[in-house]
Each structure stands twice: as C-alpha cells, then as structure tokens.
Amino acid sequence: MMKARLYNKYVSDVVPALKAKYQYGNVHQMPRIVKIVVNMGVSASLEKNAIDDAAKDLALITGRKPAISKSRHSIANFKLRDGQPIGCRVTLRRDAMYEFLDRLIAAALPRIRDFRGLSPRKFDGRGNYTFGIADQTIFPEIELDKIKRTQGMDVTIVTSARNDAEALDLLKLMGFPLAEVKEAPKETVKDAAMEEAKAAAKAAARELAKQEEAEHAAKEAAKAAAKE
C-alpha cells in the first residue's frame with residue numbers, strides 16, 4: 001500500500017532536518033504527529049437534526065464516522081440536559097491523519113478569505129497545536145447547495161514533541177501555514193506630570209539634606225565654642 005505524501009515528506013525531509021538541528025541521540029526522541037482530533041460543537045438550542053447535519057459534514061471532511069459527544073451535566077441556564085448530544089468528533093491516526101493534513105494545507109486553508117497564515121501562539125505548552133475553523137465550506141468535499149447552516153470546528157494536532165519550539169519546527173517543516181510573528185517595539189510612554197513630580201521630590205530631598213548638614217555644622221560649632 002502506498003504511503004501518504006506527507007508521510008514520505010516527513011521521513012525524507014523533516015526527520016533529517018530536525019536531527020541536524022536538535023542532535024537527537026535516540027530515534028524515539030524525534031518529534032512526530034501522533035493524531036489529529038477534529039471537533040464540532042453544536043448548540044443545544046438548535047433543532048434536533050443539527051447534530052445529524054454536523055456529523056454528515058464531518059464524515060465528508062474526514063472520511064471517518066464521527067463519535068457523538070454528549071453533555072455530562074444538566075445546566076438549566078443553557079437548557080442543557082445530562083446525556084444530551086452537544087457535538088461530534090473524529091480522531092485520525094496514521095495514513096488517514098496524513099491525508100487529512102495534506103488536504104487541509106493544500107486545499108482547505110488557502111480558501112479562507114484574506115488568509116495570511118495561522119497564529120504560531122496557539123500551542124498548549126506541551127507541543128500540541130489547536131486552531132479554529134469558522135466555516136466548513138472551505139473544504140472541497142462540502143457542497144454549498146446542500147448545507148443548511150454554517151458550522152465551525154476545532155482542529156487539534158497532537159505531537160510527541162517535548163516542547164512548543166520543537167513542535168513549531170515540526171509543523172513548519174511539514175508545510176503547515178504558520179504566520180511569522182513580528183515583535184512590536186515597546187514604546188515607553190512618559191507621563192509629564194509624573195516626571196515633574198519625581199523631579200520636584202528629588203529637589204526637595206536635596207534641599208532637606210542641605211538643611212540637615214547646615215544644622216549639624218551649627219551644632220558642631222556651638223559645641224566647639226562651649227569647650228573654649
């Protein structure tokens with residue numbers, strides 16, 4: 001069976017680049033993508049078939065049958081009952097994971113209007129990256145004529161990286177469209193009134209010190225005159 005294109009890229013290009021940069025002593029230290037979780041949350045206030053529609057869309061996008069997520073508690077303010085369906089999710093591994101990521105990078109994300117890359121600040125501190133997609137219609141598998149409502153989703157890429165820096169390099173080498181973050185120059189804003197108050201306080205302190213020195217000198221002179 002032919003391996004996914006992105007998997008071949010990982011083996012031939014990404015692994016040597018990461019090994020050269022981080023000097024891993026063991027092949028098992030090499031960061032890799034473990035799984036991709038795609039989750040759709042559906043409001044409990046929508047009609048009953050909203051969950052079914054979301055599940056159908058998610059099945060078309062991922063090629064896998066979604067698992068239905070159900071609420072664990074009853075919350076009256078949200079009109080939520082225990083055990084009520086509130087979304088659906090799919091977990092992708094191995095070839096299915098690489099195929100989905102390939103379609104996401106090459107076909108889906110570039111269709112987002114004014115797309116300039118995803119933020120590199122959405123790592124969780126343990127090498128996992130999560131981002132949101134506002135509209136399912138960016139995927140070519142979805143037919144615009146058949147959708148009833150706009151449905152967003154969250155995509156979590158779980159990696160075996162030890163930290164966010166390694167995960168960032170892994171995703172960049174895999175071709176993931178992460179935007180470059182430019183650090184904004186830190187402007188020092190000076191409050192004129194505060195600066196004037198500080199200057200006045202320093203001047204008052206200097207005057208007080210001079211007065212204390214003059215008083216001390218006068219006392220010393222009085223003591224010397226008394227001894228004579």
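To the nearest 0.5 angstrom, E99 atom CD is 9.0 Å from R5 atom CZ. In this structure, M40 CE and C88 SG are separated by 6.0 Å, a value rounded to the nearest 0.5 Å. How far CZ of R89 is from CD1 of I68: 9.0 Å, rounded to the nearest 0.5 Å. Interatomic distance, N163 CG to R126 CZ, rounded to the nearest 0.5 Å: 13.0 Å. With values rounded to the nearest 0.5 angstrom, L104 atom CG is found 7.0 Å from I157 atom CD1. Interatomic distance, N128 CG to I33 CD1, rounded to the nearest 0.5 Å: 11.0 Å.
Within the 4.5 Å cutoff, side-chain heavy atoms of I61 are placed close to those of M153. V38 places a side-chain heavy atom less than 4.5 Å from the side chain of F100. For the pair V155/I133, a side-chain contact is recorded, criterion being any heavy-atom separation below 4.5 Å from C-beta on. Side-chain contact check for D13 versus L173: every heavy-atom pair is 4.5 Å or farther apart. Under the 4.5 Å side-chain criterion, counting only non-hydrogen atoms from C-beta, L168 is not in contact with Y129. Here the side chains of F123 and L171 are in contact, with some heavy-atom distance below 4.5 Å. For the pair K9 and L6, the minimum side-chain heavy-atom distance is below 4.5 Å.
Each of V34 and M97 belongs to its own hydrophobic cluster when Ile, Leu, Val, Met, Phe, Trp and Tyr are linked at side-chain heavy-atom distances under 4.5 angstrom. Hydrophobic cluster membership is shared by I105 and V90, with clusters built from Ile, Leu, Val, Met, Phe, Trp and Tyr side chains linked at under 4.5 angstrom. Hydrophobic clustering (side-chain heavy atoms under 4.5 Å, transitive across Ile, Leu, Val, Met, Phe, Trp, Tyr) groups F131 together with I36.
For OH of Y7, the number of neighbouring non-hydrogen atoms (other residues, nucleotides, ligands) closer than 6.0 Å is 12 at most. Remark: K19 NZ is loosely packed, at most 12 non-hydrogen atoms of other residues, nucleotides or ligands lying under 6.0 Å away.
Shown here for S12 and N8, the closest heavy-atom pair between the two residues is OG-O, 2.8 Å. Considering all non-hydrogen atoms of both residues, L178 and S119 come closest at CD2-O, 4.0 Å. The two atoms that bring P66 and A55 nearest to each other are CG-O, 3.3 Å, heavy atoms only.
Each ring pair (Phe, Tyr, Trp, His ring centres under 6.0 Å) pair with one or both residues in residues 136-175, not counting sequence neighbours, would appear here, but there are none. Every pair tested for side chain to side chain donor-acceptor pair (under 3.5 Å) that includes a residue from residues 59-68 fails, sequence neighbours excluded, so the list is empty.
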Does the side chain to side chain contact (heavy atoms under 4.5 Å, CB included) test come out yes or no for L109 and L118, once each step is laid out?
CA-CA 9 Å; L109 291 177; L118 297 170; 4.0 Å; yes
Test Q151 against D53 for side chain to side chain contact (heavy atoms under 4.5 Å, CB included), laying out the working first.
CA-CA 9 Å; Q151 176 64 53; D53 293 338; over 6 Å; no
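Considering V14, L170, L18 in turn, L18 is the only one that fulfils the side-chain contact (heavy atoms from CB on, under 4.5 Å) rule with M30.
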